[in-house]
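First up is the structure itself, then whatever we jot down about it.
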Amino acid sequence: MSMKKASRNQNLLPYHRIVAKFGTSLLTGGSDSLNQAIMSALVEQVAELHRQGRELIVVSSGAIASGRHKMGLTTKVKGIPLKQVFFSVGQGRLMYVWEQLFGQHDITVAQALLSKADLADRSGYLNARNTLLALLELGVVCIVNENDVVAVDEIQEAKFGDNDNLSAMVANLVDADLLLLLTDTAGLYTADPRADPDARLISQVAKIDARIEKLAAASPGHLGTGGMVTKIEAAKLATASGVSVVIADGRKPGAILRLAKGEAVGTRFVPAASKLESRQRWMLSGLTTRGGLVVDEGAALALKKQSRSLLPAGIREIKGKFGRGDIVNIYDPEGNRLGCGISNYSASDIETIKGTHSKGIVRRLGYDYGSEVVHRNNLVVL
Ligand code: GLU
């Protein structure tokens with residue numbers, strides 16, 4: 001195992017800390033089992049970056065496909081328990097292959113199985129973060145997957161649902177510079193390339209807006225769980241935290257190496273913000289968001305342009321139920337998410353004080369927790 005002590009600031013390479021997500025359709029090459037030749041080519045590139053002194057985390061799907069193959073049930077069987085069984089069977093097999101392939105390059109691998117519930121709690125988030133950072137420090141390549149055994153659909157709240165969102169969460173956790181979503185399609189197209197001869201690849205997206213989301217929804221699905229929609233969701237979360245994101249075809253020879261050099265491959269998403277502090281990234285991750293507040297034009301402007309606190313006067317509408325201290329999303333009148341923050345008041349309190357001047361809070365509620373519903377120190381504006 002190689003020990004690495006290089007500090008991030010000393011490193012001159014454009015992307016030092018990289019999270020690479022390999023989707024099922026990439027790892028199986030579209031077949032019903034893991035494709036070792038493809039996996040080996042991916043490992044060679046990750047190993048090369050590792051030799052250059054970069055820090056890498058791999059988010060690997062493919063456990064369910066591997067388990068399904070082992071069990072001899074090659075057709076897709078619906079139903080969560082069976083999927084979880086496949087995952088249980090396949091995860092060890094998947095790790096075995098990674099261990100062998102990285103071993104050929106003298107690289108030690110680790111496994112981290114995460115679930116949303118683990119990370120929703122601030123201390124779970126910090127513990128996972130510390131472990132991943134320690135592994136990076138030691139030059140170990142951590143292979144992350146969602147813990148599908150505990151993360152079931154029935155508990156919607158507790159499931160990431162797909163490794164695209166999980167990988168964005170991991171990039172957010174470790175404050176990565178680059179997130180690679182590697183799949184078996186070249187990136188995001190202007191139309192379905194199989195149906196429309198004029199369809200072209202979008203090489204760069206400056207901002208993920210409604211138009212981009214619509215293109216993703218219209219993109220053809222493939223074997224993996226996510227498809228383009230979850231990749232765009234993931235790109236949205238990661239770019240909001242200041243991470244560059246690329247969706248690219250991982251089968252292209254040298255794709256990872258080229259992307260790590262900053263070459264144009266696939267669709268690149270420009271970070272929407274400069275790097276945020278860990279606490280702000282945690283707030284933005286949406287892991288613990290309980291509800292939302294819709295504000296008027298004036299408040300939206302004050303939040304965005306003047307970094308002001310959110311006062312009751314600017315609040316129009318309350319979404320969902322939340323308590324004092326919960327994290328809430330903040331939306332402008334058109335429904336665009338402006339950011340999020342920690343609410344000083346519960347949803348029902350805000351229902352009573354919305355639209356009023358802060359001086360009227362005590363009169364209406366009989367108590368007050370301050371003039372701000374969300375103080376600017378507890379606010380992240382996108
Ligand atoms: N956790 C699943 C697996 O290992 C993959 C989920 C996904 O592809 O998004 O097979």
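Worth saying up front: this structure is predicted, and the values here are computed from it rather than measured.
Put simply, the residue from Ile212, Ile247, Leu215, Thr267 that forms a side chain to side chain contact (heavy atoms under 4.5 Å, CB included) with Met228 is Ile247. For the pairing with Ser343, the side chain to side chain contact (heavy atoms under 4.5 Å, CB included) check across Leu310, Ile350, Ile318 returns one residue only, Ile350. Evaluated for a side chain to side chain donor-acceptor pair (under 3.5 Å) with Lys21, the options Asp162, Asp164, Asn163 yield exactly one hit, Asp164. Of the candidates Leu133, Thr131, Leu138, Thr131 is the only one forming a side chain to side chain contact (heavy atoms under 4.5 Å, CB included) with Leu135.
Summarising the local packing, CZ of Arg337 is surrounded by more than 12 heavy atoms from other residues, nucleotides or ligands at distances under 6.0 Å. The environment of CD in Glu48 is crowded: more than 12 heavy-atom neighbours from other residues, nucleotides or ligands sit within 6.0 Å.
In this structure, the side chains of Val205 and Arg268 stay at 4.5 Å or more apart for every pair of heavy atoms. When side chains are defined from C-beta on, Val46 counts as touching Phe22, because their heavy atoms get closer than 4.5 Å. Considering only heavy atoms from C-beta on, Leu26 comes within 4.5 Å of Leu182 through its side chain. Between Leu94 and Leu34 there is a side-chain heavy-atom pair separated by less than 4.5 Å. Contact check for Val141 versus His50: side-chain heavy atoms found under the 4.5 Å cut-off. Using a 4.5 Å heavy-atom threshold, the side chains of Thr183 and Asp249 count as separate. Within the 4.5 Å cutoff, the side chain of Gln306 has no heavy atoms near those of the Leu301 side chain. Phe269 has its side chain within reach of Ile208: a pair of non-hydrogen atoms, C-beta onward, lies under 4.5 Å apart.
Using a 4.5 Å cut-off between side-chain heavy atoms of Ile, Leu, Val, Met, Phe, Trp and Tyr, with links allowed through other members, Leu303 and Met283 fall into different hydrophobic clusters. A continuous path of Ile, Leu, Val, Met, Phe, Trp and Tyr side chains, each step under 4.5 Å between heavy atoms, connects Val97 with Val58, placing both in one hydrophobic cluster. Residues Val109 and Leu27 fall within the same hydrophobic cluster, defined by Ile, Leu, Val, Met, Phe, Trp and Tyr side chains chained together at heavy-atom separations under 4.5 Å.
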Intermediate values then yes/no, side-chain hydrogen bond (donor to acceptor under 3.5 Å, both in side chains), Asn172 and Ser241:
CA-CA 6 Å; Asn172 175 305; Ser241 305; 2.9 Å; yes

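With 3.5 Å as the limit, one finds a donor-acceptor pair spanning the side chains of Ser115 and Asp118. Using a 3.5 Å distance cut-off with no hydrogens or angles, the side chains of Gln36 and Gln100 do not pair a donor with an acceptor. Between the side chains of Glu233 and Asn165, a donor-acceptor pair is found at a separation under 3.5 Å. Asp349 and Tyr367 share a donor-acceptor pair across their side chains, judged by distance under 3.5 Å alone.
Scanning for salt bridge (Lys or Arg N to Asp or Glu O under 4.0 Å) contacts around Glu213 gives Lys236, with sequence neighbours left out. Remark: Gln45 engages no residue in a side chain to side chain donor-acceptor pair (under 3.5 Å) (not counting sequence neighbours). For the side chain to side chain donor-acceptor pair (under 3.5 Å) test, no residue two or more places apart in sequence or in another chain qualifies with Thr356. Not counting sequence neighbours, Asp209 has no partner by the salt bridge (Lys or Arg N to Asp or Glu O under 4.0 Å) test. For His105, the side-chain contact (heavy atoms from CB on, under 4.5 Å) criterion is met by Val43, Glu44, Ala47, Arg51, Ile107, not counting sequence neighbours. With sequence neighbours excluded, no residue forms a salt bridge (Lys or Arg N to Asp or Glu O under 4.0 Å) with Glu297.
At least one test fails for Arg54 against the ring of Tyr15: distance under 6.0 Å to the centre or angle within 45° of the axis.
Formation of a donor-acceptor pair under 3.5 Å by the Asn145 side chain with backbone atoms of Ser60 is found in this model. Counting only distance, with no hydrogens or angles, the side chain of Ser358 and the backbone of Ser371 share a donor-acceptor pair below 3.5 Å. A donor-acceptor pair is defined here as one N or O able to donate and one able to accept, closer than 3.5 Å; such a pair exists between the side chain of Gln84 and the backbone of Asp148.
Atom CE in Met169 sits 7.0 Å away from atom CG in Leu119 (nearest 0.5 Å).
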